[in-house]
There are 2 protein chains.
Amino acid sequence: MKATIYDVAKEAGVSIATVSLVINGKGKISKERREEIRGIMMRMGYKPSMIASALTGKKTYALGLLVPDISNPFFAEIARAVEDEGQRHGYSVFICSTDNKDEKVGHYAALLQQKNVDGVIIGTGIRELSVLDPLLHGGVPIAFLAREFRSVEVPSVVVDDYAGGAAAAEHLIALGHRRLAVLAEQDSISSSRERVRGFKQALEAVGITLDPALVLSSAIKESKASALALMRGEHPPTGIFCCNDLLAIGALQAAKEMGIRIPHDCSIIGFDDTVLASVTDPPLTTIAQPIEQMGQIAVQLLVRKIGRPGERPERIVLRPELSIRQSSMAPQTEIS
Amino acid sequence: MKATIYDVAKEAGVSIATVSLVINGKGKISKERREEIRGIMMRMGYKPSMIASALTGKKTYALGLLVPDISNPFFAEIARAVEDEGQRHGYSVFICSTDNKDEKVGHYAALLQQKNVDGVIIGTGIRELSVLDPLLHGGVPIAFLAREFRSVEVPSVVVDDYAGGAAAAEHLIALGHRRLAVLAEQDSISSSRERVRGFKQALEAVGITLDPALVLSSAIKESKASALALMRGEHPPTGIFCCNDLLAIGALQAAKEMGIRIPHDCSIIGFDDTVLASVTDPPLTTIAQPIEQMGQIAVQLLVRKIGRPGERPERIVLRPELSIRQSSMAPQTEIS
DNA sequence: CTGAAAGCGCTTACAG
DNA sequence: CTGAAAGCGCTTACAG
């Protein structure tokens, strides 16, 4: 039913080798023949099968994108940037949501290598690096996006998470806050660890120590409950740094439930600057990541790696930026 | 470098045919041989190449998902549901953002058929159905999701958009509104047209006619500007029905810019009930779609179609539901 | 119960 | 400038 290279060869009265050459613009085919064969392909609606050509040494022009959850706006925006930049280089992308579970990462790693993808972008947290073995041993190029593992030499784009955490702290300090809390992601997520570290260091730089009891790791579904725990303590914080916008939203909801006014009673800072940040009540002060740029660079690095596997992998660090909205202000109430 | 079926055959001292049989659990292989070969595959880390097996008549186990924009939270949530349900049936999914442009739809249609995907879920607006020809003629099964074209017999899941639009109108009417406006999507989007039609009919049912000047189609990027146009008219509406949550957010922003208080001065209703609706200021009254269910059903229908191409395609209609939050209330101000 | 052979739709040297 | 042939990694009848 679908035309194959044999059909167009027969129609053109040439061998399939010749047709293959014109498809790939190789060899020296007379101009007329070339034009004629092109015309026949058009007329027959012939498109070479990518799986057949992939089997004969060419690429599959497919990429995998591993993220914790495509429905999380941050990763959805990343995915769009990756998709667009991928298209620009001729690649399609498979979405792979891992829920930050090694088990799912491993599953997708095996699957993607079985599917012979040309490369995979890894933007998900991983505990045990060995779950990537199917990719690493299978010779599938990878690039890290917004996550990284210094132990392995792989191209990566990250935002300076440490600096971002520090910027959040400095903003809060400048506003006059002293008693601060942190809502972090799981510990397996390197970016989250760095943000907390930067936040903590910046506090210590001005002589404030972060109360360990006020640093909570939380899954996104439990962000509200975690924030409630933070706010219900004996000495509630006057400001909370949340390691992503979604966690910040949980904090916002917790505050609303407890009748705590944001930012009057407590300041909240997020991280990411997704669409969400501009629509919350109140709009969220957050540390903005250059999302589109990160996605673009990730595919550029990966594509380069695919092209020249031997080259030394690059590591690109982008600067996050404080975006001030209405969820932060100077502390108003004196909390005993 | 990667092990092939030949490597394991040699290692096991059998023919590749035998190995193939144990891979596929076919034929009658003695239990010991089967176990032994399984062990060897494990040890060598052998996984059959999906592209090779796809070339020999089997499926590629890849699906395409066409949506307007994966970074739009509604479609991101759809994508997650499609990905998960796809995995459950053994399929991976390619993301394809079309920006509702026929040109991109056509591009992806051709690309997906070249990649030999087993099926495509279409959740994007299309003006000229012929852009799907590469799929239709290529014999690639498709299913419509949240969009549809009655002219072609294809399995589809939709929400009763007409009823949803009517529900929005009824809510507003019950609240006491009489002068209403609509912020719609582009006309090529069937779901949007239906929502507007339902809204309008419900108004007419109680003797209110919708002023055509107060019905605007708007791209998402221009939603704020369009809402401003609506609100700046001589007789501004006391309520605006927006055909999706993102448009409603544009309206919220326009109101804020003009100093119009929501819901006191104007009620706003969205459609979709994505995460966004619960975090806006104020939280959005909206018509909720069963997003996860829609994604699941779409792949179930598609998978069924792939399995039994001859069967009569099903059409599943789900009910949307009014979700009341704080962006709607009885009209307060008397606007001349 | 298992192997030899053809074939899927291409690409790539190698001849001529 | 163009064709015959081998090969990519599998699957599937067909023999035996």
Exercise. Please state how far atom CD1 in A/I23 lies from atom C1' in C/dT12, giving the value in whole angstrom units.
Key: 13 Å
Quiz item: What residue among A/R312, A/K305, A/R315 forms salt bridge (Lys or Arg N to Asp or Glu O under 4.0 Å) with A/E153?
Solution: A/R312
Using a cut-off of under 3.5 Å, enumerate the N/O to N/O pairs linking the protein to nucleotides 13-16 of chain C.
none

Quiz item: So does B/R88 pair up with B/E85, basic N to acidic O under 4.0 Å?
Solution: yes
Quiz item: What residues form a ring-ring contact (aromatic ring centres under 6.0 Å, His included) with A/Y46, not counting sequence neighbours?
Solution: none
Self-check item: Strand DNA chain D as a dot-bracket string - pairs counted if Watson-Crick or G-U with both distances under 3.5 Å, | where the partner lies in another strand
Solution: |||.||||||||.|||
Quiz item: Any ion pair linking A/D99 and A/K221 (charged N to carboxylate O, less than 4.0 Å)?
Solution: no
Quiz item: Can a donor-acceptor pair be found between the side chains of B/S71 and B/D69 at a distance below 3.5 Å?
Solution: yes
Quiz item: Does B/D118 use its side chain to pair, donor to acceptor, with the backbone of B/T60 at less than 3.5 Å?
Solution: yes
Quiz item: Roughly, in whole Å, what's the span from CG in A/N24 to P in C/dC10?
Solution: 11 Å
Quiz prompt | All side chain to side chain contact (heavy atoms under 4.5 Å, CB included) counterparts of B/K10, not counting sequence neighbours | solution = none
Quiz prompt | ring-ring contact (aromatic ring centres under 6.0 Å, His included) partners for A/F149, two or more places apart | solution = A/F144
Quiz item: Any donor-acceptor pair under 3.5 Å linking the side chain of B/S156 with the backbone of B/A143?
Solution: no
Self-check item: Over 12 foreign heavy atoms within 6.0 Å of NZ, A/K47
Solution: no
All N/O contacts under 3.5 Å from nucleotides 6-9 of chain C to the protein, with atom names and distances to one decimal?
from: C/dC8; atom 1: O2; to: B/L55; atom 2: O; distance (Å): 3.4
from: C/dG9; atom 1: N2; to: A/A52; atom 2: O; distance (Å): 3.4

Quiz item: Under 4.0 Å between a side-chain N or O of A/S20 and OP1 or OP2 of C/dT11?
Solution: yes
